[in-house]
Amino acid sequence: EALGWPETELAWADLLESFTRGRTWEQFGHPEWGPLRLGFPDPARTAAGQAGVLTVLDRDDDDVFSDEELLAALEFAQLVTAYVDDTSSLLRAYAQAGGAATGDPDAAGDDADGAGDGAAGEPAAGDAVAVDSPAAFPVLEHELAAYAARQEPDRPAGSGVELVPVYLQEGVVYADYPFVLLDAPWVSAEKREVAAQFQAYLEGPEGRRAFAEAGYRDPQHSTAGVELLAPRHGFAPEVPAPQRVPSAAGLGEMLRVWPVVTRPNNVLIVLDTSGSMADTVPDTDQTRLELLQGAALEGVAMLNNQTNVGL
């Protein structure tokens, strides 16, 4: 809300523009919140993590990561303060948060859902959230729906933080779960029959009801009849455009590049402080040392927040 949501549609690009290079919530009237902190699930293990990384690394959805996109991804990684195996650990932390915490950071995020749609968790107005808690994180829509349902109907003070979905401009990614019958010598006629019966169950009334009760949209991506995705929780009845469809090539490149962007580093910076560094550089009003200091600061600013730096 401090960023203008829900009247203003948000994007990862807005967060980068507003919070990188030392900028904090102070510019939005909340200096007590400090810098923006993001949580991020492992993209190698979770669909939510994959969706989040793709919307950062491949903004134009062309399966090519340009130098500009890689730099933006690096800046994004600098805002991530909590890398987790999956979103369940983040949701558990919010469920346990409450009255003892301080501050009230807003949140936004990007999401992919099992039936295919997008959302994110944002602490609602009035909730107390520890200022060091992630304020934004990619999350599967049905996971957030289940979390919201556990907070109802009358959430006592200190029993958890209310989270609401935010659908970002970069688009949503469908996390579909395809049903595939393998064609292999060991797939017997009996196994085929069992698989066919299971498929019939999934596509039938009972199976559809089970998906709806778990917070999944139907195959047409509608929330009709899905109580967990009720509008009162902020879920969109229709999936906002654009709808991103990751390719195998794009996912493969993402899994190769993201660990490089976020891996821990040990950096030792050596600066020349000899007498000659006090000489003024021709055609400038700065000394060699001043230019070197500026270059060093620019370089350090491009390191992720898992970097140990020695001087």
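Numbers here simply count residues along the sequence, with the first being 1. Computed from a prediction, not measured in an experiment: that's the story for all the values here.
- Under the 4.5 Å side-chain contact rule for hydrophobic residues, Leu303 and Leu38 do not share a cluster.
- Take Asp60 and apply the side-chain contact (heavy atoms from CB on, under 4.5 Å) test, not counting sequence neighbours, and it matches Asp58, Asp62, Glu69.
- If you take CG on Leu292 and CG on Asp272, they are separated by 7.5 Å, rounding to the nearest 0.5 Å.
- Counting heavy atoms from C-beta on, the side chains of Leu144 and Phe235 come closer than 4.5 Å.
- Residue Trp258 holds its CH2 atom at 6.0 Å from CG of Leu57, rounded to the nearest 0.5 Å.
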Would you check, one step at a time, whether the test side-chain hydrogen bond (donor to acceptor under 3.5 Å, both in side chains) holds for Thr46 with Asp86?
-> CA-CA 6 Å; Thr46 66; Asp86 56 59; over 6 Å; no
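- If you take CZ on Arg45 and CD on Gln50, they are separated by 12.5 Å, rounding to the nearest 0.5 Å.
- Closest approach of Leu140 and Ala175 over heavy atoms only: CD2-CB, 4.4 Å.
- Taking all atoms of both residues into account, the shortest heavy-atom contact from Phe40 to Pro138 is CE1-CG, 3.5 Å.
- Taking the six-membered ring for Trp and the full ring otherwise, the centers of Phe28 and Phe19 sit less than 6.0 Å from each other.
- Using a 4.5 Å cut-off between side-chain heavy atoms of Ile, Leu, Val, Met, Phe, Trp and Tyr, with links allowed through other members, Leu228 and Tyr216 fall into different hydrophobic clusters.
- Contact between Leu255 and Ala44 at its shortest, heavy atoms only, is CD2-CA, 3.8 Å.
- By the criterion of side-chain heavy atoms lying less than 4.5 angstrom apart, applied directly or through intervening Ile, Leu, Val, Met, Phe, Trp or Tyr residues, Leu79 is not grouped with Val300; the two fall into different hydrophobic clusters.
- With sequence neighbours excluded, the residues that form a salt bridge (Lys or Arg N to Asp or Glu O under 4.0 Å) with Arg244 are Asp61.
- Thr307 and Asn304 share a side-chain donor-acceptor pair at under 3.5 Å.
- Gln27 contributes a side-chain N or O that, together with a main-chain N or O of Ser18, makes up a donor-acceptor pair within less than 3.5 Å.
- Val260 and Leu71 fall into different hydrophobic clusters, where Ile, Leu, Val, Met, Phe, Trp and Tyr side chains are chained together by heavy-atom contacts under 4.5 Å.
- Annotation: the span from Asn266 atom CG to Asn308 atom CG amounts to 5.0 Å, rounded to 0.5 Å.
- A salt bridge links Glu227 with Arg232: the closest approach of a Lys/Arg side-chain nitrogen to an acidic carboxylate oxygen falls below 4.0 angstrom.
- Judged by distance alone, the side chain of Asn265 and the main-chain N or O of Val267 form no donor-acceptor pair under 3.5 Å.
- Here the straight-line distance linking atom NE2 of His221 with atom CD of Glu238 works out to 12.5 Å at 0.5 Å rounding.
- The minimum heavy-atom distance between Val56 and Ala73, with the atom names listed, is CG1-CA, 3.7 Å.
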Audit row: Asp183, Arg192, salt bridge (Lys or Arg N to Asp or Glu O under 4.0 Å) steps and yes/no = CA-CA 10 Å; Asp183 183 11; Arg192 289 181 183 277; 3.5 Å; yes
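- The two residues Pro259 and Met254 come nearest to each other via the heavy atoms CD-O, 4.1 Å.
- Interatomic distance, Thr223 OG1 to His233 NE2, rounded to the nearest 0.5 Å: 11.5 Å.
- No side-chain donor-acceptor contact under 3.5 Å links Trp33 and Thr24.
- Follow the hydrophobic side-chain contacts under 4.5 Å out from Val194 and you never reach Val187; the two are in separate clusters.
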